[in-house]
Amino acid sequence: MEQQLAHISLLVNDYDEAISFYTQKLKFELVEDTKLSETKRWVIVKPKGTHGCSLLLAKAANEEQKSNIGNQSGGRVFLFLHTDNFERDYKNLINQDINIIRTPSIEAYGKVLVFADLYGNLWDLIEPKKS
């Protein structure tokens with residue numbers, strides 16, 4: 001049996017502002033943007049060069065969903081972005097005025113920092129330690 005995560009659904013306030021943030025500021029690739037109805041779209045973004053899991057940007061459809069935008073993980077780091085060049089991506093976060101929550105540190109597993117996306121979801125940027 002073979003399984004893999006395909007997408008992680010991320011609640012957003014607005015499709016276009018979320019696409020802009022992820023593609024322009026984080027340099028992700030827009031994989032798909034398909035209109036499903038007057039209010040719903042199927043929007044997939046992913047880090048460039050990856051073939052794994054992607055983000056499904058899901059516009060909050062009701063008040064309960066809206067109340068969870070930016071806090072899908074109860075205030076814990078929610079997503080983990082691995083990089084092959086920590087300094088390049090750290091510099092990009094600074095240049096794009098992305099909120100750095102915890103400055104870079106060296107841990108047993110590699111270099112890491114915590115940043116917040118446009119809604120406040122927390123991310124780890126990690127360059128894994130080379131074995």
Side-chain angles (χ1 to χ4, degrees):
M1 184 166 108
E2 183 178 315
Q3 297 178 328
Q4 65 179 317
L5 288 175
H7 313 294
I8 294 174
S9 182
L10 183 67
L11 288 170
V12 301
N13 188 50
D14 177 82
Y15 290 117
D16 294 323
E17 76 178 2
I19 290 169
S20 177
F21 177 84
Y22 286 102
T23 61
Q24 294 176 20
K25 292 189 177 264
L26 288 186
K27 312 296 186 202
F28 281 24
E29 172 184 356
L30 178 62
V31 175
E32 184 174 354
D33 183 357
T34 303
K35 184 176 180 179
L36 300 177
S37 71
E38 289 303 313
T39 59
K40 190 172 181 181
R41 290 157 54 183
W42 183 260
V43 178
I44 305 265
V45 296
K46 67 177 183 132
K48 289 182 181 177
T50 187
H51 303 288
C53 190
S54 57
L55 292 178
L56 171 66
L57 304 179
K59 184 175 178 182
N62 57 45
E63 289 307 313
E64 181 181 359
Q65 290 177 11
K66 288 178 185 177
S67 73
N68 287 299
I69 293 173
N71 193 29
Q72 289 185 208
S73 62
R76 293 187 59 101
V77 170
F78 177 50
L79 298 160
F80 300 80
L81 181 61
H82 280 201
T83 180
D84 65 345
N85 188 324
F86 188 88
E87 295 307 319
R88 174 199 63 214
D89 294 338
Y90 176 45
K91 186 176 182 179
N92 180 64
L93 295 175
I94 297 295
N95 290 340
Q96 296 296 333
D97 293 321
I98 293 174
N99 187 13
I100 306 294
I101 303 299
R102 194 177 85 218
T103 58
S105 64
I106 305 292
E107 303 297 336
Y109 52 86
K111 294 179 187 174
V112 62
L113 64 75
V114 178
F115 70 92
D117 69 14
L118 75 164
Y119 298 113
N121 294 299
L122 299 181
W123 291 65
D124 267 2
L125 174 67
I126 302 170
E127 182 176 346
K129 190 173 189 175
K130 296 184 180 29
S131 21

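This structure is a prediction, so every number in the text was calculated from the model and none was measured.
Considering all non-hydrogen atoms of both residues, Asn71 and Gly75 come closest at OD1-N, 2.7 Å. Shortest non-hydrogen contact noted between Asn62 and Glu64 is OD1-N, 3.1 Å. Scanning both residues, Pro128 and Thr83, for their nearest heavy atoms gives CD-O, 3.7 Å.
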N/O donor to acceptor pairs below 3.5 angstrom from side-chain atoms of residues 101-110, sequence neighbours left out:
from	atom 1	to	atom 2	distance (Å)
Ser105	OG	Glu107	OE2	2.9

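Between Asp89 and Lys111, none of the side-chain N atoms (NZ, or NE/NH1/NH2) sits under 4.0 Å from a carboxylate O, so this pair counts as no salt bridge.
Identified under the ring-ring contact (aromatic ring centres under 6.0 Å, His included) test for residues 41-92, with sequence neighbours left out: His7-Trp42. Applying the salt bridge (Lys or Arg N to Asp or Glu O under 4.0 Å) definition to pairs two or more places apart or across chains, those involving residues 113-128 are Glu127-Lys130.
In this structure, the separation between CZ on Arg41 and NZ on Lys59 is 8.5 Å, given to the nearest 0.5 Å. Atom CG of Leu57 sits about 8.0 Å away from atom CD1 of Ile44, to the nearest 0.5 Å. Atoms CG and OG, from Leu10 and Ser54 in turn, are 11.5 Å apart once rounded to the nearest 0.5 Å. A distance of 14.0 Å separates OG1 of Thr23 from NZ of Lys46, quoted to the nearest 0.5 Å. Here CZ of Arg88 is found 11.0 Å from CG of Leu93. Values are rounded to the nearest 0.5 Å. To the nearest 0.5 Å, the span separating CG on Asn92 from CD1 on Ile98 amounts to 6.0 Å.
Hydrophobic clustering of Ile, Leu, Val, Met, Phe, Trp and Tyr side chains at less than 4.5 Å, counting indirect connections, keeps Tyr119 apart from Leu122. Phe21 and Val114 fall into different hydrophobic clusters, where Ile, Leu, Val, Met, Phe, Trp and Tyr residues are linked whenever their side-chain heavy atoms come under 4.5 Å apart, directly or through other members. Transitive grouping of hydrophobic side chains (ILVMFWY, heavy atoms separated by less than 4.5 Å) brings Leu118 and Leu81 into a common cluster. Grouping the Ile, Leu, Val, Met, Phe, Trp and Tyr side chains by contacts below 4.5 angstrom, directly or via other members, places Val77 apart from Ile8. Hydrophobic clustering (side-chain heavy atoms under 4.5 Å, transitive across Ile, Leu, Val, Met, Phe, Trp, Tyr) keeps Leu26 apart from Val112.
Below 30°, between 30° and 60°, or above 60°: for Trp123 and Tyr22 the angle between ring planes is between 30° and 60°, a tilted geometry.
Side-chain atoms of Tyr15 do not come within 3.5 Å of backbone N or O of Val43 as any donor-acceptor pair. Between the Asn13 side chain and the Lys66 main chain, no donor and acceptor come within less than 3.5 Å of each other. Not a single donor-acceptor pair under 3.5 Å links the side chain of Asn68 to the backbone N or O of Gln72.
Side-chain contact between Asn121 and Leu79 is absent, with no heavy-atom pair separated by less than 4.5 Å.
Surrounding NZ of Lys129 are at most 12 heavy atoms belonging to other residues, nucleotides or ligands under 6.0 Å away.
A search for side-chain hydrogen bond (donor to acceptor under 3.5 Å, both in side chains) contacts involving Thr39 returns nothing, not counting sequence neighbours. Residues satisfying the salt bridge (charged side-chain N to carboxylate O under 4.0 Å, His left out) criterion with Asp14, sequence neighbours excluded, are absent altogether. By the salt bridge (charged side-chain N to carboxylate O under 4.0 Å, His left out) test, Glu17 is found to be paired with no residue, residues two or more places apart in sequence or in another chain being considered.
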